[in-house]
There are 2 protein chains.
Amino acid sequence: MRADARKNHDHVLAVAGAVIAEQGAEASMRDIARRADVGLATLLRHFPTREALLEALLRTGFDELTVKADALETSSSPEDALVSWLRDFVACADNYRGVVALMMSAIGDKQSALHASCVTMRAAGTRLLARAQAEGVARTDIDGTDLFALAGSLAWLGDQPSLAPRVDHLFGVVMSAILTDPASADARTTAAPGNR
Amino acid sequence: MRADARKNHDHVLAVAGAVIAEQGAEASMRDIARRADVGLATLLRHFPTREALLEALLRTGFDELTVKADALETSSSPEDALVSWLRDFVACADNYRGVVALMMSAIGDKQSALHASCVTMRAAGTRLLARAQAEGVARTDIDGTDLFALAGSLAWLGDQPSLAPRVDHLFGVVMSAILTDPASADARTTAAPGNR
DNA sequence: ACCTGAACACCGTTCAAGT
DNA sequence: ACCTGAACACCGTTCAAGT
(Lines give C-alpha, C1' and ligand atoms only; values in the text may rest on other atoms or scores of the structure.)
Protein backbone atom coordinates (compact mmCIF):
# COMPACT_ATOMS: atom_id res chain seq x y z
CA MET A 1 0.00 0.00 0.00
CA ARG A 2 1.32 3.44 -0.87
CA ALA A 3 2.22 5.73 1.98
CA ASP A 4 -0.55 8.25 1.24
CA ALA A 5 -3.08 5.44 0.99
CA ARG A 6 -1.97 4.03 4.33
CA LYS A 7 -2.35 7.45 5.92
CA ASN A 8 -5.82 7.81 4.41
CA HIS A 9 -6.73 4.34 5.63
CA ASP A 10 -5.70 5.01 9.21
CA HIS A 11 -7.31 8.44 9.29
CA VAL A 12 -10.60 7.15 7.93
CA LEU A 13 -10.57 4.27 10.41
CA ALA A 14 -10.02 6.61 13.35
CA VAL A 15 -12.86 8.89 12.29
CA ALA A 16 -15.14 5.93 11.63
CA GLY A 17 -14.43 4.64 15.13
CA ALA A 18 -15.48 7.96 16.63
CA VAL A 19 -18.64 8.25 14.53
CA ILE A 20 -19.71 4.65 15.13
CA ALA A 21 -18.97 4.94 18.85
CA GLU A 22 -21.47 7.76 19.08
CA GLN A 23 -24.03 6.81 16.42
CA GLY A 24 -23.86 3.02 16.43
CA ALA A 25 -23.00 0.45 13.79
CA GLU A 26 -25.68 1.74 11.41
CA ALA A 27 -24.10 5.16 11.08
CA SER A 28 -24.24 6.58 7.55
CA MET A 29 -21.17 5.70 5.48
CA ARG A 30 -21.59 9.03 3.71
CA ASP A 31 -21.48 10.81 7.04
CA ILE A 32 -18.31 8.98 8.05
CA ALA A 33 -16.67 9.99 4.75
CA ARG A 34 -17.77 13.60 5.24
CA ARG A 35 -16.40 13.71 8.78
CA ALA A 36 -13.11 12.27 7.49
CA ASP A 37 -12.95 14.88 4.69
CA VAL A 38 -12.75 12.16 2.12
CA GLY A 39 -14.86 11.12 -0.83
CA LEU A 40 -17.49 8.50 -0.13
CA ALA A 41 -15.98 6.34 -2.85
CA THR A 42 -12.60 6.48 -1.10
CA LEU A 43 -14.07 5.21 2.14
CA LEU A 44 -15.77 2.41 0.26
CA ARG A 45 -12.60 1.32 -1.49
CA HIS A 46 -10.73 1.03 1.78
CA PHE A 47 -13.68 -0.73 3.40
CA PRO A 48 -15.96 -2.11 0.71
CA THR A 49 -18.71 -3.03 3.14
CA ARG A 50 -19.91 -1.93 6.54
CA GLU A 51 -18.83 -5.30 7.92
CA ALA A 52 -15.30 -4.78 6.64
CA LEU A 53 -15.13 -1.44 8.42
CA LEU A 54 -16.44 -2.88 11.66
CA GLU A 55 -14.13 -5.86 11.41
CA ALA A 56 -11.18 -3.45 11.31
CA LEU A 57 -12.57 -1.55 14.30
CA LEU A 58 -13.26 -4.66 16.34
CA ARG A 59 -10.12 -6.63 15.50
CA THR A 60 -8.07 -5.23 18.38
CA GLY A 61 -10.66 -6.04 20.99
CA PHE A 62 -11.30 -9.47 19.51
CA ASP A 63 -7.62 -10.31 19.47
CA GLU A 64 -7.38 -9.31 23.12
CA LEU A 65 -10.31 -11.56 23.94
CA THR A 66 -8.65 -14.49 22.22
CA VAL A 67 -5.41 -13.94 24.13
CA LYS A 68 -7.33 -13.57 27.35
CA ALA A 69 -9.18 -16.83 26.78
CA ASP A 70 -5.86 -18.65 26.48
CA ALA A 71 -4.50 -17.00 29.59
CA LEU A 72 -7.62 -17.73 31.65
CA GLU A 73 -7.41 -21.40 30.79
CA THR A 74 -4.47 -21.79 33.14
CA SER A 75 -4.68 -18.79 35.48
CA SER A 76 -8.21 -19.14 36.82
CA SER A 77 -10.68 -21.74 37.96
CA PRO A 78 -12.89 -23.06 35.16
CA GLU A 79 -15.85 -21.23 36.61
CA ASP A 80 -14.12 -17.87 37.08
CA ALA A 81 -12.49 -18.13 33.65
CA LEU A 82 -15.81 -18.69 31.89
CA VAL A 83 -17.65 -15.93 33.73
CA SER A 84 -14.84 -13.40 33.42
CA TRP A 85 -14.35 -14.02 29.71
CA LEU A 86 -18.06 -13.83 28.93
CA ARG A 87 -18.31 -10.58 30.85
CA ASP A 88 -15.50 -9.12 28.74
CA PHE A 89 -17.08 -10.45 25.57
CA VAL A 90 -20.36 -8.71 26.35
CA ALA A 91 -18.54 -5.50 27.25
CA CYS A 92 -16.56 -5.61 24.00
CA ALA A 93 -19.65 -6.13 21.88
CA ASP A 94 -21.30 -3.22 23.66
CA ASN A 95 -18.48 -0.85 22.70
CA TYR A 96 -20.32 -0.18 19.46
CA ARG A 97 -24.10 -0.16 19.64
CA GLY A 98 -25.68 -2.47 17.07
CA VAL A 99 -22.56 -4.48 16.37
CA VAL A 100 -23.82 -7.63 18.05
CA ALA A 101 -26.69 -7.90 15.60
CA LEU A 102 -24.17 -7.90 12.77
CA MET A 103 -22.09 -10.49 14.61
CA MET A 104 -25.01 -12.86 15.06
CA SER A 105 -25.80 -12.54 11.39
CA ALA A 106 -22.12 -12.96 10.43
CA ILE A 107 -21.70 -16.22 12.34
CA GLY A 108 -23.96 -17.86 9.79
CA ASP A 109 -22.74 -15.98 6.72
CA LYS A 110 -19.38 -17.06 5.36
CA GLN A 111 -19.32 -14.07 3.02
CA SER A 112 -19.33 -11.57 5.88
CA ALA A 113 -16.07 -9.85 6.74
CA LEU A 114 -16.97 -10.48 10.37
CA HIS A 115 -17.44 -14.22 9.93
CA ALA A 116 -13.91 -15.32 10.83
CA SER A 117 -13.82 -13.12 13.94
CA CYS A 118 -17.13 -14.50 15.13
CA VAL A 119 -16.07 -18.09 14.61
CA THR A 120 -12.90 -17.37 16.57
CA MET A 121 -14.88 -15.85 19.43
CA ARG A 122 -17.23 -18.80 19.52
CA ALA A 123 -14.29 -21.21 19.54
CA ALA A 124 -12.66 -19.38 22.44
CA GLY A 125 -15.88 -19.49 24.43
CA THR A 126 -16.38 -23.12 23.55
CA ARG A 127 -12.97 -24.04 25.00
CA LEU A 128 -13.72 -22.29 28.29
CA LEU A 129 -17.16 -23.89 28.42
CA ALA A 130 -15.77 -27.36 27.73
CA ARG A 131 -13.28 -27.05 30.55
CA ALA A 132 -15.99 -25.94 32.95
CA GLN A 133 -18.20 -28.81 31.83
CA ALA A 134 -15.37 -31.32 32.27
CA GLU A 135 -14.91 -30.09 35.83
CA GLY A 136 -18.60 -30.39 36.52
CA VAL A 137 -19.21 -26.68 37.09
CA ALA A 138 -21.19 -25.96 33.90
CA ARG A 139 -24.31 -27.69 32.63
CA THR A 140 -23.53 -30.13 29.86
CA ASP A 141 -26.64 -29.66 27.74
CA ILE A 142 -25.37 -26.51 26.04
CA ASP A 143 -22.63 -26.05 23.45
CA GLY A 144 -20.49 -23.18 22.19
CA THR A 145 -23.19 -21.92 19.85
CA ASP A 146 -25.68 -21.77 22.72
CA LEU A 147 -23.14 -19.86 24.77
CA PHE A 148 -22.46 -17.47 21.89
CA ALA A 149 -26.20 -16.92 21.50
CA LEU A 150 -26.76 -16.24 25.20
CA ALA A 151 -23.80 -13.87 25.41
CA GLY A 152 -24.97 -12.15 22.25
CA SER A 153 -28.48 -11.73 23.59
CA LEU A 154 -27.09 -10.08 26.71
CA ALA A 155 -24.95 -7.76 24.60
CA TRP A 156 -28.05 -6.93 22.57
CA LEU A 157 -29.87 -5.93 25.75
CA GLY A 158 -26.98 -3.56 26.36
CA ASP A 159 -27.85 -1.87 23.06
CA GLN A 160 -31.35 -1.05 24.28
CA PRO A 161 -31.14 2.22 26.22
CA SER A 162 -34.05 1.38 28.53
CA LEU A 163 -32.68 -2.06 29.43
CA ALA A 164 -28.93 -1.47 29.44
CA PRO A 165 -28.87 -0.74 33.21
CA ARG A 166 -30.18 -4.27 33.80
CA VAL A 167 -27.50 -6.09 31.82
CA ASP A 168 -25.08 -6.61 34.71
CA HIS A 169 -27.84 -8.06 36.82
CA LEU A 170 -29.24 -10.22 34.02
CA PHE A 171 -25.74 -11.41 33.23
CA GLY A 172 -25.68 -12.92 36.70
CA VAL A 173 -29.10 -14.47 36.21
CA VAL A 174 -28.08 -16.15 32.97
CA MET A 175 -24.75 -17.25 34.44
CA SER A 176 -26.62 -18.94 37.27
CA ALA A 177 -28.37 -21.04 34.64
CA ILE A 178 -25.11 -22.04 32.96
CA LEU A 179 -23.10 -22.81 36.09
CA THR A 180 -23.92 -25.83 38.19
CA ASP A 181 -23.10 -26.35 41.81
CA PRO A 182 -20.14 -28.79 41.78
CA ALA A 183 -21.43 -30.41 44.98
CA SER A 184 -24.78 -31.26 43.43
CA ALA A 185 -23.08 -32.28 40.19
CA ASP A 186 -20.95 -34.58 42.29
CA ALA A 187 -24.07 -35.80 44.05
CA ARG A 188 -25.68 -36.61 40.73
CA THR A 189 -22.81 -38.81 39.65
CA THR A 190 -21.78 -40.43 42.96
CA ALA A 191 -24.74 -40.43 45.35
CA ALA A 192 -28.03 -42.30 45.05
CA PRO A 193 -26.72 -44.80 42.51
CA GLY A 194 -30.14 -46.41 42.30
CA ASN A 195 -31.68 -43.14 41.15
CA ARG A 196 -32.39 -43.04 37.46
CA MET B 1 -64.36 7.11 9.07
CA ARG B 2 -65.88 7.01 5.63
CA ALA B 3 -66.72 3.62 4.17
CA ASP B 4 -64.14 3.84 1.38
CA ALA B 5 -61.50 4.93 3.85
CA ARG B 6 -62.31 2.01 6.13
CA LYS B 7 -62.00 -0.36 3.19
CA ASN B 8 -58.67 1.18 2.24
CA HIS B 9 -57.49 0.93 5.84
CA ASP B 10 -58.31 -2.75 6.14
CA HIS B 11 -56.88 -3.60 2.73
CA VAL B 12 -53.61 -1.80 3.43
CA LEU B 13 -53.33 -3.46 6.81
CA ALA B 14 -53.79 -6.92 5.34
CA VAL B 15 -51.16 -6.32 2.67
CA ALA B 16 -48.78 -4.81 5.21
CA GLY B 17 -49.17 -7.90 7.37
CA ALA B 18 -48.18 -10.13 4.47
CA VAL B 19 -45.20 -8.01 3.46
CA ILE B 20 -43.91 -7.61 7.00
CA ALA B 21 -44.39 -11.31 7.69
CA GLU B 22 -42.03 -12.11 4.85
CA GLN B 23 -39.61 -9.16 4.94
CA GLY B 24 -39.59 -8.24 8.61
CA ALA B 25 -40.51 -5.09 10.50
CA GLU B 26 -38.07 -2.95 8.49
CA ALA B 27 -39.85 -3.58 5.20
CA SER B 28 -40.03 -0.52 2.96
CA MET B 29 -43.18 1.53 3.49
CA ARG B 30 -43.04 2.42 -0.18
CA ASP B 31 -43.02 -1.25 -1.07
CA ILE B 32 -46.02 -1.94 1.16
CA ALA B 33 -47.91 0.89 -0.52
CA ARG B 34 -46.98 -0.44 -3.96
CA ARG B 35 -48.12 -3.95 -3.10
CA ALA B 36 -51.41 -2.52 -1.80
CA ASP B 37 -51.91 -0.50 -5.03
CA VAL B 38 -52.15 2.67 -3.01
CA GLY B 39 -50.19 5.91 -2.89
CA LEU B 40 -47.39 6.03 -0.35
CA ALA B 41 -48.97 9.12 1.16
CA THR B 42 -52.20 7.21 1.68
CA LEU B 43 -50.46 4.47 3.61
CA LEU B 44 -48.75 7.10 5.75
CA ARG B 45 -51.97 8.89 6.57
CA HIS B 46 -53.59 5.70 7.80
CA PHE B 47 -50.45 4.76 9.71
CA PRO B 48 -48.31 7.84 10.23
CA THR B 49 -45.34 5.85 11.52
CA ARG B 50 -43.96 2.35 11.22
CA GLU B 51 -44.77 1.82 14.88
CA ALA B 52 -48.41 2.72 14.30
CA LEU B 53 -48.63 0.14 11.53
CA LEU B 54 -47.00 -2.55 13.65
CA GLU B 55 -49.18 -1.69 16.60
CA ALA B 56 -52.24 -2.37 14.47
CA LEU B 57 -50.75 -5.65 13.27
CA LEU B 58 -49.76 -6.80 16.74
CA ARG B 59 -52.85 -5.67 18.64
CA THR B 60 -54.76 -8.92 18.17
CA GLY B 61 -51.94 -11.10 19.41
CA PHE B 62 -51.22 -8.78 22.30
CA ASP B 63 -54.84 -8.73 23.37
CA GLU B 64 -54.87 -12.53 23.31
CA LEU B 65 -51.77 -12.59 25.48
CA THR B 66 -53.40 -10.28 28.00
CA VAL B 67 -56.52 -12.44 28.16
CA LYS B 68 -54.40 -15.54 28.47
CA ALA B 69 -52.42 -14.07 31.36
CA ASP B 70 -55.66 -13.51 33.27
CA ALA B 71 -56.88 -17.01 32.53
CA LEU B 72 -53.59 -18.64 33.54
CA GLU B 73 -53.67 -16.88 36.87
CA THR B 74 -56.41 -19.22 38.04
CA SER B 75 -56.20 -22.23 35.72
CA SER B 76 -52.57 -23.25 36.13
CA SER B 77 -49.90 -23.57 38.76
CA PRO B 78 -47.82 -20.42 39.19
CA GLU B 79 -44.87 -22.11 37.56
CA ASP B 80 -46.74 -23.50 34.55
CA ALA B 81 -48.58 -20.22 34.07
CA LEU B 82 -45.38 -18.19 33.95
CA VAL B 83 -43.57 -20.57 31.60
CA SER B 84 -46.51 -21.06 29.29
CA TRP B 85 -47.22 -17.34 29.00
CA LEU B 86 -43.61 -16.43 28.35
CA ARG B 87 -43.39 -19.08 25.68
CA ASP B 88 -46.42 -17.57 23.95
CA PHE B 89 -45.00 -14.08 24.34
CA VAL B 90 -41.77 -15.08 22.61
CA ALA B 91 -43.68 -16.87 19.86
CA CYS B 92 -45.90 -13.81 19.32
CA ALA B 93 -42.94 -11.45 19.07
CA ASP B 94 -41.32 -13.80 16.57
CA ASN B 95 -44.32 -13.63 14.25
CA TYR B 96 -42.75 -10.55 12.68
CA ARG B 97 -38.98 -10.51 12.44
CA GLY B 98 -37.46 -7.38 13.93
CA VAL B 99 -40.50 -6.37 15.92
CA VAL B 100 -38.97 -7.15 19.29
CA ALA B 101 -36.24 -4.55 18.74
CA LEU B 102 -38.97 -1.95 18.22
CA MET B 103 -40.78 -3.20 21.32
CA MET B 104 -37.70 -2.89 23.51
CA SER B 105 -37.20 0.62 22.24
CA ALA B 106 -40.89 1.45 22.67
CA ILE B 107 -41.02 0.42 26.34
CA GLY B 108 -38.85 3.42 27.14
CA ASP B 109 -40.38 5.84 24.64
CA LYS B 110 -43.76 7.24 25.59
CA GLN B 111 -44.15 8.76 22.13
CA SER B 112 -44.09 5.37 20.41
CA ALA B 113 -47.36 3.92 19.18
CA LEU B 114 -46.17 0.61 20.63
CA HIS B 115 -45.53 2.02 24.10
CA ALA B 116 -48.92 1.21 25.63
CA SER B 117 -48.91 -2.35 24.29
CA CYS B 118 -45.45 -2.97 25.69
CA VAL B 119 -46.36 -1.62 29.09
CA THR B 120 -49.40 -3.87 29.10
CA MET B 121 -47.31 -6.92 28.20
CA ARG B 122 -44.81 -6.12 30.91
CA ALA B 123 -47.61 -5.70 33.46
CA ALA B 124 -49.13 -9.07 32.52
CA GLY B 125 -45.77 -10.78 32.88
CA THR B 126 -45.14 -8.99 36.15
CA ARG B 127 -48.40 -10.34 37.62
CA LEU B 128 -47.50 -13.92 36.69
CA LEU B 129 -43.98 -13.46 38.03
CA ALA B 130 -45.22 -11.99 41.31
CA ARG B 131 -47.54 -14.94 41.89
CA ALA B 132 -44.72 -17.40 41.22
CA GLN B 133 -42.45 -15.46 43.57
CA ALA B 134 -45.10 -15.41 46.29
CA GLU B 135 -45.38 -19.19 46.01
CA GLY B 136 -41.63 -19.58 46.22
CA VAL B 137 -41.17 -21.03 42.73
CA ALA B 138 -39.47 -18.03 41.10
CA ARG B 139 -36.37 -16.20 42.23
CA THR B 140 -37.20 -12.95 43.98
CA ASP B 141 -34.28 -10.84 42.77
CA ILE B 142 -35.84 -10.05 39.38
CA ASP B 143 -38.78 -7.83 38.50
CA GLY B 144 -41.14 -7.44 35.56
CA THR B 145 -38.68 -5.35 33.59
CA ASP B 146 -36.00 -8.02 33.96
CA LEU B 147 -38.50 -10.62 32.81
CA PHE B 148 -39.51 -8.47 29.84
CA ALA B 149 -35.85 -8.03 28.94
CA LEU B 150 -35.08 -11.74 29.16
CA ALA B 151 -38.13 -12.71 27.12
CA GLY B 152 -37.27 -10.01 24.60
CA SER B 153 -33.71 -11.22 24.28
CA LEU B 154 -34.97 -14.74 23.55
CA ALA B 155 -37.37 -13.39 20.95
CA TRP B 156 -34.47 -11.47 19.43
CA LEU B 157 -32.49 -14.68 19.11
CA GLY B 158 -35.46 -16.02 17.17
CA ASP B 159 -34.92 -13.19 14.67
CA GLN B 160 -31.39 -14.41 13.93
CA PRO B 161 -31.63 -17.12 11.27
CA SER B 162 -28.53 -18.96 12.44
CA LEU B 163 -29.64 -19.05 16.08
CA ALA B 164 -33.40 -19.42 15.76
CA PRO B 165 -33.24 -23.24 16.00
CA ARG B 166 -31.71 -22.86 19.46
CA VAL B 167 -34.42 -20.65 20.92
CA ASP B 168 -36.60 -23.43 22.31
CA HIS B 169 -33.62 -24.96 24.05
CA LEU B 170 -32.30 -21.64 25.33
CA PHE B 171 -35.78 -20.76 26.54
CA GLY B 172 -35.51 -23.76 28.85
CA VAL B 173 -32.06 -22.70 29.99
CA VAL B 174 -33.21 -19.20 30.89
CA MET B 175 -36.36 -20.52 32.55
CA SER B 176 -34.21 -22.74 34.77
CA ALA B 177 -32.54 -19.57 36.01
CA ILE B 178 -35.85 -17.89 36.79
CA LEU B 179 -37.59 -20.82 38.44
CA THR B 180 -36.45 -22.03 41.84
CA ASP B 181 -36.95 -25.45 43.32
CA PRO B 182 -39.78 -24.92 45.87
CA ALA B 183 -38.14 -27.47 48.22
CA SER B 184 -34.89 -25.55 48.38
CA ALA B 185 -36.78 -22.26 48.62
CA ASP B 186 -38.58 -23.78 51.57
CA ALA B 187 -35.28 -24.90 53.02
CA ARG B 188 -33.95 -21.37 52.78
CA THR B 189 -36.79 -19.93 54.82
CA THR B 190 -37.35 -22.71 57.38
CA ALA B 191 -34.09 -24.59 57.86
CA ALA B 192 -30.88 -23.40 59.46
CA PRO B 193 -32.49 -20.54 61.39
CA GLY B 194 -29.11 -19.40 62.64
CA ASN B 195 -27.96 -18.83 59.11
CA ARG B 196 -27.90 -15.19 58.09
C1' DA C 1 -63.18 13.87 3.49
C1' DC C 2 -60.08 11.29 1.27
C1' DC C 3 -56.43 10.43 -2.03
C1' DT C 4 -51.98 11.13 -4.69
C1' DG C 5 -48.07 12.72 -7.65
C1' DA C 6 -44.17 15.25 -7.16
C1' DA C 7 -40.43 17.59 -4.81
C1' DC C 8 -37.20 17.04 -1.17
C1' DA C 9 -33.20 15.45 1.41
C1' DC C 10 -31.32 11.43 2.45
C1' DC C 11 -29.03 6.54 1.63
C1' DG C 12 -25.34 2.89 -0.55
C1' DT C 13 -23.47 1.44 -5.20
C1' DT C 14 -21.00 2.11 -9.27
C1' DC C 15 -17.86 4.01 -12.59
C1' DA C 16 -15.68 7.16 -15.85
C1' DA C 17 -12.51 10.74 -15.39
C1' DG C 18 -8.85 13.08 -13.01
C1' DT C 19 -4.08 13.38 -10.46
C1' DA D 1 -1.89 3.64 -7.81
C1' DC D 2 -4.98 6.26 -5.69
C1' DC D 3 -8.79 9.48 -5.43
C1' DT D 4 -13.44 11.61 -6.49
C1' DG D 5 -17.62 13.86 -8.47
C1' DA D 6 -21.63 12.52 -10.51
C1' DA D 7 -25.31 9.46 -11.93
C1' DC D 8 -28.27 5.94 -10.22
C1' DA D 9 -31.98 3.63 -7.76
C1' DC D 10 -33.57 3.56 -3.51
C1' DC D 11 -35.66 5.48 1.20
C1' DG D 12 -39.31 8.28 4.38
C1' DT D 13 -41.42 13.06 4.76
C1' DT D 14 -44.19 16.66 3.25
C1' DC D 15 -47.65 19.20 0.78
C1' DA D 16 -50.18 21.41 -2.94
C1' DA D 17 -53.50 19.87 -6.07
C1' DG D 18 -57.08 16.79 -7.44
C1' DT D 19 -61.66 14.01 -6.75
Side-chain angles (χ1 to χ4, degrees), chain A residues 1-57 96-99 101-102 105-106 109 111-114, chain B residues 1-57 96-99 101-102 105-106 109 111-114:
Chain A
M1 189 181 300
R2 238 164 54 179
D4 58 336
R6 156 67 50 193
K7 191 180 161 192
N8 233 328
H9 178 98
D10 295 347
H11 171 62
V12 161
L13 189 59
V15 172
V19 173
I20 288 178
E22 76 182 39
Q23 300 191 13
E26 304 299 332
S28 153
M29 298 292 272
R30 234 187 186 92
D31 194 41
I32 292 170
R34 268 194 295 260
R35 296 259 296 253
D37 270 312
V38 118
L40 171 59
T42 302
L43 167 63
L44 290 169
R45 202 165 32 73
H46 283 293
F47 307 101
T49 64
R50 186 181 298 278
E51 279 89 17
L53 177 56
L54 283 165
E55 198 275 333
L57 285 173
Y96 299 110
R97 187 163 31 92
V99 82
L102 290 171
S105 145
D109 172 16
Q111 305 309 312
S112 168
L114 281 166
Chain B
M1 190 181 300
R2 238 165 54 179
D4 57 338
R6 156 68 49 194
K7 192 180 162 192
N8 233 328
H9 178 98
D10 295 347
H11 171 64
V12 162
L13 189 59
V15 171
V19 173
I20 289 177
E22 77 182 37
Q23 300 191 14
E26 303 300 331
S28 154
M29 298 292 271
R30 232 187 187 92
D31 193 41
I32 293 170
R34 267 193 297 260
R35 296 259 296 254
D37 270 311
V38 116
L40 171 59
T42 303
L43 167 62
L44 290 169
R45 203 165 32 74
H46 283 294
F47 307 101
T49 64
R50 187 181 296 279
E51 279 87 16
L53 176 57
L54 282 165
E55 198 274 333
L57 285 173
Y96 299 111
R97 187 163 32 91
V99 81
L102 289 171
S105 144
D109 173 15
Q111 306 308 312
S112 168
L114 281 166

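Atom set for the values below is all heavy atoms of this structure, side chains included, hydrogens, waters and symmetry mates excluded.
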How many Å lie between [atom1] on [X] and [atom2] on [N], as a whole number?
X       : N      : atom1 : atom2 : answer
B/Arg34 : C/dT4  : CZ    : P     : 15 Å
A/Asn8  : D/dA1  : CG    : C1'   : 13 Å
B/His11 : C/dC3  : NE2   : C1'   : 14 Å
B/Leu43 : D/dC11 : CG    : P     : 12 Å
B/Lys7  : C/dC3  : NZ    : C1'   : 15 Å

Pairing residues for B/Glu55 by the salt bridge (Lys or Arg N to Asp or Glu O under 4.0 Å) criterion, not counting sequence neighbours = B/Arg59
Report the residues that fulfil salt bridge (Lys or Arg N to Asp or Glu O under 4.0 Å) with B/Asp109, sequence neighbours left out, ordered by chain and then residue number.
->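 Partners of B/Asp109 by the salt bridge (Lys or Arg N to Asp or Glu O under 4.0 Å) criterion come out as none, since no residue qualifies.
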To the nearest 0.5 Å, tell me how far B/Tyr96 OH sits from B/Leu57 CG.
->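 Between atom OH of B/Tyr96 and atom CG of B/Leu57 there are 4.5 Å.
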Atom CZ of A/Arg45 and atom CG of A/Asn8: how far apart are they, to the nearest 0.5 Å?
->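 Spacing of CZ (A/Arg45) from CG (A/Asn8) equals 8.5 Å.
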Find every protein N or O atom lying less than 3.5 Å from an N or O atom of nucleotides 12-16 of chain C, and list the pairs.
unit_1 : atom_1 : unit_2  : atom_2 : d
C/dG12 : OP1    : A/Met29 : N      : 3.0
C/dG12 : OP1    : A/Arg50 : NH2    : 2.8
C/dG12 : OP2    : A/Ser28 : OG     : 3.3
C/dG12 : OP2    : A/Met29 : N      : 3.1
C/dG12 : OP2    : A/Arg30 : N      : 3.1
C/dG12 : N7     : A/Arg30 : NH1    : 2.4
C/dG12 : O6     : A/Arg30 : NH1    : 3.2
C/dG12 : O6     : A/Arg30 : NH2    : 3.3

Is any side-chain nitrogen or oxygen of A/Arg45 closer than 4.0 Å to OP1 or OP2 of D/dC2?
-> no
Short side-chain N/O contact from A/His46 to OP1 or OP2 of D/dC3, under 4.0 Å |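 Answer is yes, contact under 4.0 Å.
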Please examine the side chains of B/Val12 and B/Thr42, heavy atoms only from C-beta on, and report whether any two atoms are closer than 4.5 Å.
->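 SC-SC contact between B/Thr42 and B/Val12 ruled out.
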Would you indicate whether the side-chain heavy atoms of B/Leu53 and B/Leu13 approach each other to under 4.5 Å?
-> yes
Distance-only check: which donor-acceptor pairs under 3.5 Å involve side-chain atoms of residues 27-36 of chain B, not counting sequence neighbours?
unit_1  : atom_1 : unit_2  : atom_2 : d
B/Ser28 : OG     : B/Arg30 : N      : 3.2
B/Ser28 : OG     : B/Asp31 : N      : 3.0
B/Asp31 : OD2    : B/Gln23 : NE2    : 3.3
B/Arg35 : NH1    : B/Glu22 : OE2    : 3.4

A/Phe47: what forms a ring-ring contact (aromatic ring centres under 6.0 Å, His included) with it, not counting sequence neighbours?
-> A/His9
Taking a pair as Watson-Crick (N1 to N3 plus N6-O4 or O6-N4) or G-U wobble (N1-O2 and O6-N3), both under 3.5 Å, which stems of 3 or more consecutive pairs involve DNA chain D?
->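 Listed by first number, the stems are C:4-8 with D:12-16, C:12-16 with D:4-8.
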